[in-house]
J.: 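First the structure, then my questions, so here it is.
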Amino acid sequence: DIGRISDRNLGRDNRVIGDHRRDCVAPYLDQSFVSYVNSLPIQYKVDFTLPRGQGEKVILRKVAQNLGLRTSSVLPKKAIQFGSKIAKLERRKEKGGDVCARLSKKGETQLS
């Protein structure tokens, strides 16, 4: 999935976030950070003894706990398109990298 993230996910996520006049910052997608994390042994990243939704992203959950974010550190991961309910609103055949048909027609739509 990491190989398709810029085409599939980030395009969609940037549209959702930009619609609220915010910028998307993704420090965990930095190439050197991703390479470092990929080099770590799996037991530092996943704890299969914990239930699904808690055993993933172990490093990030421990950092959140150390920062005092105890409640957030045990919540199951929820992708932005499902947490925001945007997946239900999108056309099923549309991909994150697609150009929105409404915005691609010159002169018909003005963004304010």
J.: Roughly how far, to the nearest 0.5 Å, is CG of Asn14 from CZ of Arg22?
T.: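 Rounded to the nearest 0.5 Å, the CZ-CG separation comes out at 14.5 Å.
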J.: Is the CG atom of Asp30 crowded by more than 12 outside heavy atoms at less than 6.0 Å?
T.: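 Buried by this count: over 12 neighbours within 6.0 Å.
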J.: Return the minimal non-hydrogen interatomic distance between Arg61 and Ser72, and the atom names on each side.
T.: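 Reported closest heavy-atom pair: NH1-O, 4.5 Å.
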J.: Rounded at 0.5 Å granularity, tell me how far OG in Ser73 sits from CG in Leu67.
T.: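 Ser73 OG to Leu67 CG: 10.0 Å, rounded to 0.5 Å.
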J.: For Lys45, enumerate each residue passing the side-chain contact (heavy atoms from CB on, under 4.5 Å) test, keeping only those at least two apart in sequence or located in another chain.
T.: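 Residues passing side-chain contact (heavy atoms from CB on, under 4.5 Å) with Lys45: Val37, Leu40, Ile59.
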J.: Which pairs count as ring pair (Phe, Tyr, Trp, His ring centres under 6.0 Å) when at least one residue sits in residues 29-71, sequence neighbours excluded?
T.: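 Ring pair (Phe, Tyr, Trp, His ring centres under 6.0 Å) check on residues 29-71 returns Tyr28-Phe33.
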J.: Could you grab the distance from atom CG of Leu75 to atom CG of Leu69, nearest 0.5 Å is fine?
T.: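 If we round to the nearest 0.5 Å, Leu75:CG and Leu69:CG are 10.5 Å apart.
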J.: How about Gln43: does its CD atom have over 12 heavy atoms from other parts shown lying under 6.0 Å from it?
T.: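 For Gln43, atom CD is crowded (more than 12 foreign heavy atoms under 6.0 Å).
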